[in-house]
2 protein chains.
Amino acid sequence: MARSKTRDEILTAATRQFAESGYKGTSLQDIAAEVGCSKATLLYHFDSKDAILAELCAPAIAELRDLLDQVAAAPDPDTARKIAVQGFVDLAMRHRREIQVIYGDLPALLLQPALQPVQVLTEQLHATLAGTSGSAQSRLSAKFVLAGLPAVIFACTEFDDETLRAALIATAGRALESLS
Amino acid sequence: MARSKTRDEILTAATRQFAESGYKGTSLQDIAAEVGCSKATLLYHFDSKDAILAELCAPAIAELRDLLDQVAAAPDPDTARKIAVQGFVDLAMRHRREIQVIYGDLPALLLQPALQPVQVLTEQLHATLAGTSGSAQSRLSAKFVLAGLPAVIFACTEFDDETLRAALIATAGRALESLS
DNA sequence: TCAGAACCTGACCGATCGGCCAGTTCTGTG
DNA sequence: CACAGAACTGGCCGATCGGTCAGGTTCTGA
C-alpha cells in the first residue's frame with residue numbers, strides 16, 4: 001500500500017497530531033518536525049494537506065462502509081442494531097486516532113470532500129441505532145451513543161481493550177434500551 | 001454587564017462561529033464580517049481573540065461551578081448524581097453554543113488559560129457521575145455521558161426543549177445504571 | 001457650546017500558513 | 001562506473017493570521 005517508509009511516518013505523525021490538535025490546529029511544519037523531515041517532503045509524498053487527511057481516514061471509512069453492508073444484511077432490526085453497536089466499537093478501537101479525527105473534530109471538518117461519505121454512513125448508522133419506532137427518545141439515544149463512543153474510545157487509554165470493549169457495548173446497549 | 005451594543009454583537013457572533021467552526025477555524029475577520037464592523041473594532045472592545053473566548057465562556061463556567069456547589073451539598077451520592085445529571089442538562093441547554101465551544105472543540109483548546117478551570121470542574125462532575133464504586137464500568141459510563149450530552153444538545157434542534165430535556169435525562173440515567 | 005471620552009477604522013506589522021519549484025542527494029540497476 | 005529516477009530540501013510565493021497604531025467620527029454631559 002504505502003510506497004515508502006517516510007510516507008508511512010508522515011501518515012502516522014499526521015494521524016497523531018490531527019487527533020490531538022485538530023486538523024486546523026496542525027500545520028504541515030508540525031508534522032514535518034515530528035517526522036524529522038522538511039515540509040517540502042510532505043508535499044512530495046502527498047498532493048496537499050487535504051490529501052494527507054483523506055488518505056489517513058480512508059481505511060476507517062472503508063471499514064465503516066463494510067460494517068454498514070453487514071448491518072444491511074441483518075435479518076431483523078434488533079440483530080442489525082447489535083451488529084452496528086459491536087461493529088462500531090470494534091472499528092473505533094482499531095482506528096482510535098482516525099475516528100477521533102473524523103468524529104472528534106468539529107462538524108465543519110466533515111464538509112471536507114474526503115470526509116463527505118462519512119455523513120451518509122453516519123446517518124445510516126444513526127437510523128440503525130434509532131430503530132424503526134422513529135420516536136424522539138430513540139433518535140436522541142442514537143445520537144447520544146454515536147457521539148459518546150468515539151469520545152470515550154479516544155480518551156480512555158487506562159483500560160485494556162477487552163474491558164473497554166465489553167463496558168462500552170454494555171453502556172451503549174443500556175442507553176439504547178427502548179422505553180417501557 | 002456588557003458596555004456597548006457592538007460588544008454584545010461581537011460576543012454573539014463569536015459564540016456562534018466558535019461553536020460551528022471551532023476556535024482555530026474562526027478568524028477575527030470572520031467574526032468582524034458577521035458583525036459588520038472592522039477587525040480593529042473587535043480588538044478595541046477586547047484585548048485579544050483569547051479574551052473573546054474567555055468572556056463568552058465565563059457565564060457557563062460560573063454556572064458549572066454553581067452546579068458543583070449544589071452537588072457537593074447533596075446528602076448522598078445518588079442524590080448528587082441526580083442533581084449533576086439534571087443540572088448539567090439544564091446548563092447545557094441554557095448555553096448550547098458555549099458548551100459546544102468548551103466541550104465540542106478539541107481537548108487541546110482546554111489548555112487555553114480561560115478554560116483551565118473547566119478541567120477541574122469536569123473531573124469533579126465525572127467523579128460524581130461515576131459514583132463511589134470506582135469500577136471501570138461506572139467510570140466509562142460517566143465519561144460516555146459527559147461526552148454524549150454536549151454533542152447531542154448542540155446537534156439537536158429538531159425537538160422542543162422539554163422533550164429534549166426529558167429524553168436526555170432518561171438516556172443518561174440508563175447509561176449510568178449500575179450493573180446487577 | 002465645546003471638551004473629552006467613547007467608538008470605530010484603514011493601513012500596516014511580523015509571523016505563519018499551505019503550496020511550489022529548481023536543484024541536490026540518494027539508490028538501485030545495467 | 002554511469003546514469004536514470006526516486007527521494008529530499010532550501011528558499012521562495014501570495015494569502016492570511018492575530019495584533020498595533022494614528023487618526024477620524026460620534027456621543028455625551030457639564
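All chains are named by letter (A, B, ...) in the order of the sequence lines, taking the proteins before the strands, and each is independently numbered beginning at 1. Basis for what follows: all heavy atoms, side chains included, without hydrogens, waters or symmetry-related copies. Since the model is a prediction, treat every value here as computed from it, not as a measurement.
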Trainee: What integer distance in Å separates E9(B):CD from dC7(C):C1'?
Mentor: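 That distance rounds to 13 Å.
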Trainee: Working to the nearest 0.5 Å, report the span between NZ of K49(B) and CD1 of I31(B).
Mentor: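 Spacing of NZ (K49(B)) from CD1 (I31(B)) equals 7.0 Å.
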Trainee: Are K24(A) and D105(B) ion-paired here, with the side-chain N under 4.0 Å from a carboxylate O?
Mentor: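 Salt bridge between K24(A) and D105(B), a charged N being under 4.0 Å from a carboxylate O: no.
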Trainee: Roughly how many Å is it from CZ in R7(B) to C1' in dA6(C), rounded to a whole number?
Mentor: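 One finds 13 Å between C1' of dA6(C) and CZ of R7(B), rounded.
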Trainee: Quick one: do the T171(B) and Q137(A) side chains pair a donor with an acceptor below 3.5 Å?
Mentor: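 Q137(A) and T171(B) do have a side-chain donor-acceptor pair below 3.5 Å.
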Trainee: Taking atom C1' of dA7(D) as reference, at what distance in whole Å does atom CD1 of I10(A) sit?
Mentor: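 My rounded result for the distance is 11 Å.
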Trainee: Name the closest nucleotide to the S4(A) side chain, picking from dC21(D), dA7(D), dT9(D).
Mentor: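 The listed nucleotide nearest to S4(A)'s side chain is dA7(D).
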Trainee: Measuring to OP1 and OP2 of dC8(D), would you say a side-chain N or O of T41(A) lies under 4.0 angstrom away?
Mentor: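 No, T41(A) has no side-chain N/O under 4.0 Å of OP1/OP2 on dC8(D).
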Trainee: May I have the distance from L43(A) (atom CG) to dC12(D) (atom P), rounded to whole angstrom?
Mentor: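 Whole-Å distance recorded here is 18 Å.
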Trainee: Rounded off to whole Å, could you give me the CG-to-P distance for the D47(B) and dG19(D) pair?
Mentor: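 Value for this atom pair: 10 Å.
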Trainee: What is the per-nucleotide protein-contact pattern of nucleotides 12-17 of chain C, from the 5' end, where B denotes a base atom under 4.0 Å from a protein heavy atom, S denotes such proximity for sugar-phosphate atoms only, and - denotes neither?
Mentor: -----S
Trainee: Is there a donor-acceptor contact under 3.5 Å linking the side chains of S141(B) and S138(B)?
Mentor: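 Distance-only check fails for S141(B) and S138(B).
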Trainee: Measuring from the side chain of H45(B) (C-beta onward, heavy atoms only), which nucleotide among dC20(C), dC8(C), dA7(D) has the closest atom?
Mentor: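 Selected nucleotide (nearest to the side chain): dC8(C).
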Trainee: Measure from CZ on F46(A) to C1' on dC20(C) and round the result to the nearest Å.
Mentor: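 Those two atoms, CZ and C1', are 18 Å apart.
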Trainee: Using side-chain heavy atoms (C-beta onward) and a distance below 4.5 Å, is L129(A) in contact with F88(A)?
Mentor: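 No - every pair of side-chain heavy atoms lies 4.5 Å or more apart.
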Trainee: Could you grab the distance from atom CD1 of I61(B) to atom CG of L115(B), nearest 0.5 Å is fine?
Mentor: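 Answer for the CD1-CG pair, I61(B) versus L115(B), is 5.5 Å.
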Trainee: Taking atom CZ of R81(B) as the centre, report whether more than 12 heavy atoms of other residues, nucleotides or ligands fall under 6.0 Å from it.
Mentor: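 It does: R81(B) CZ has more than 12 such atoms within range.
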Trainee: Quick check on dC8(D): is either OP1 or OP2 less than 4.0 Å from any side-chain nitrogen or oxygen of Y44(A)?
Mentor: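 No, no such contact exists.
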Trainee: Could you tell me the separation between the NZ atom of K5(B) and the C1' atom of dA6(C), rounded to a whole number of Å?
Mentor: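 Roughly 16 Å, once rounded to whole Å.
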